[in-house]
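Note that ligands are numbered from 1 as they come in the structure, with each ligand's atoms numbered from 1 the same way.
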Amino acid sequence: MMDIDAVHLQLDKYGQRHLLRFWEELTEDQRADLTNEILDINLSEVDSYFKRAIESSENNNKILDNRIQPIDDVIVSKNTCDPVQLSKYQELGFLEISAGRVAVLLMAGGQGTRLGVTYPKGMYDVGLPSHKSLFQLQAERIKRLELMAQERHGKCQGITWYILTSDATHDATLTYFEENNYFGLNKDNVIAFKQGMIPCFDFDGKILLDEKHRISKAPDGNGGLYRALKVQGILDDMTKRHIRSVHVHSVDNILIKVADPVFIGYCLSKNADCGVKCVEKTDANENIGVLCQIDGHYQVVEYSEISKETAQLRRSDGKLVFNGGNICNHYFTLDFLHDVCFTHETKMKLHVAKKKIPFVDDEGVRHKPTSPNGIKIEKFVFDVFEYSRNLVAWQEPRESEFSPLKNHDSAGVDCPSTARRHVLALHKDWLLKAGAKLVQGDVEISPLLSYAGENLNNIPEIIQGPKVFE
Ligand code: UTP
């Protein structure tokens, strides 16, 4: 092990000597913990992260109105697609699944601070009649797709499910899956892997201490996925399994159509290396990023990066000009991921979030601030679109695709109540389309029975909830 003098030298070089200010008070074990934590950090990289992040946050604050271009001609809407064509896309997607070439990459390393739970968000139960968690709903959708692929093609080599976790979620996620027997999925096809952590800083670039002997760190954002894919050997695993199509999505969209065969088939039919699923913005003021081009490169632009006037621009058909709401739902080929991870990952944009970060002050007192006192640095999954050689965008109706669980119920939006309501409304719609005349109360359909409204032939005409069709 490096001796403490060498650690001092390193810390001095990068202006982080304060991390040892409680050294004299620490026990031997605590000293060892702190030394290991410091040695684990690549101080030169972390130092350049802080400088780059501050520089890019200054750039991000610039309004992009003069550089933004719409991409209406790129976005294809499912609603206007010919049904025959749609079933061709679906067939292509099922072929890919049955050949074992599809992986799902679930991003579940976030801390879920807005929802405010102490366990991984994927374990959250929004209060559906079945009380299934987000993880369970997703697992069962995968299981149903495997069965459908098997029925169509006489074989299904299985969908591989990669779950991105972080120090904040890894152990609890694994225990949860173990305890629930992987929800009936083949355990060998469920692979959790950890993303990296980045120290948290005060506004002057000093790394914060979470305890006298612990550095404050946070996951490196969902764009940390790319480094993790490389360093945790996941790209190699994908190659070994002959995976070609990877569906990447966030953990918190309760309606997520995991490995959607139509979307996958659409991307395959267009030979896309990168596919982006979008929904129309509800209105100009909705706080959601939009897919567009900046200086000719695909990018997701946040609501705060364009002026109100630009956000409100409308086309001649009345629709918003910048309308492709990004919902953290993407298709990548393995070749594209390889290229991103090995060629572009180290240049990825860094984003700064000002946060309330618990810290130990100079007197050794730990504080839980009530206003932002420091920054977390994050990479975003969508910041690789500019490297795509053939990006496609696929727009779906929001009510069947997107209802994110971000907040506590008190926020009134993107919260457990809205997630529950949207699932039940969608399932009611499926039942009515399948022939029911009256659906009352909370009626839920198990993903093991129906993935997207199919297979509901024998339902009664009058259905009274609460009820779960299994
Ligand atoms: P959000 O940015 O909404 O973050 O993540 P969050 O952690 O869920 O919630 P807050 O902001 O703390 O309230 C969008 C998706 O990206 C994943 C999340 O798990 C979620 O699926 N994510 C986020 C990661 O996998 N790693 C991260 O470092 C951050």
Side-chain angles (χ1 to χ4, degrees), residues 49 53 104-124 126 133-135 137-138 161-174 176 191-200 216-229 231-232 234 246-256 258 276-277 286-289 300 302-304 325-330 332 345 348-358 372 374-384 402-411 413-416 418-419:
Y49 269 12
V104 171
L105 208 165
L106 165 64
M107 295 181 297
Q111 292 170 303
T113 39
R114 283 168 289 173
L115 185 61
V117 284
T118 53
Y119 50 85
K121 216 196 257 187
M123 290 165 56
Y124 198 84
V126 301
S133 65
L134 296 172
F135 279 146
L137 294 170
Q138 291 165 25
W161 196 12
Y162 296 98
I163 305 179
L164 178 72
T165 57
S166 64
D167 282 349
T169 60
H170 188 81
D171 294 347
T173 302
L174 276 189
Y176 181 69
I191 298 155
F193 66 111
K194 265 198 223 179
Q195 65 180 103
M197 305 286 279
I198 300 182
C200 303
S216 171
K217 288 188 250 168
D220 56 356
N222 56 22
L225 158 72
Y226 303 108
R227 178 168 294 193
L229 280 174
V231 301
Q232 306 283 7
I234 300 299
V246 184
H247 181 218
V248 177
H249 68 89
S250 62
V251 72
D252 49 24
N253 174 10
I254 197 163
L255 298 180
I256 185 73
V258 185
V276 184
K277 225 189 224 191
E286 188 188 11
N287 189 356
I288 184 174
V300 171
E302 302 289 349
Y303 179 66
S304 55
N326 178 53
I327 55 171
C328 208
N329 190 328
H330 314 306
F332 298 125
E345 188 275 324
M348 274 183 78
K349 206 185 279 174
L350 300 171
H351 299 258
V352 168
K354 292 187 177 159
K355 299 264 182 181
K356 299 173 221 166
I357 306 166
I375 64 164
K376 289 185 180 175
I377 296 178
E378 286 189 322
K379 305 172 209 174
F380 290 167
V381 64
F382 56 67
D383 278 333
V384 300
F402 185 54
S403 177
L405 176 64
K406 298 285 183 195
N407 307 312
H408 194 257
D409 257 346
S410 56
V413 286
D414 299 344
C415 60
T418 52

Could you pull out all residues at least two apart from K217 that satisfy salt bridge (charged side-chain N to carboxylate O under 4.0 Å, His left out)?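 Testing K217 for salt bridge (charged side-chain N to carboxylate O under 4.0 Å, His left out), a comparison that skips the adjacent residues, returns none.
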Taking only residues two or more places apart in sequence or in another chain, which ones pass salt bridge (charged side-chain N to carboxylate O under 4.0 Å, His left out) with E378? none
Kindly compute the distance separating CG (D414) from CD1 (I254), expressed to the nearest 0.5 Å.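 With rounding to 0.5 Å, CG (D414) is 12.0 Å from CD1 (I254).
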Please set out all donor-acceptor pairs under 3.5 angstrom arising from side-chain atoms of residues 104-112, sequence neighbours excluded.
from : atom 1 : to   : atom 2 : distance (Å)
Q111 : OE1    : K376 : NZ     : 3.1

Residues lining ligand 1 [heavy-atom distance under 4.0 Å, listed by chain and residue number]: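 Within the 4.0 Å shell of ligand 1, which is judged on heavy atoms, sit M107, A108, G109, G110, Q111, G112, T113, R114, K121, L164, Q195, P219, G221, N222, S250, V251, D252, K406.
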With a 4.5 Å cut-off on side-chain heavy atoms, are Q232 and L164 touching? no
Any M348 side-chain heavy atom under 4.5 Å of R227 side chain: no
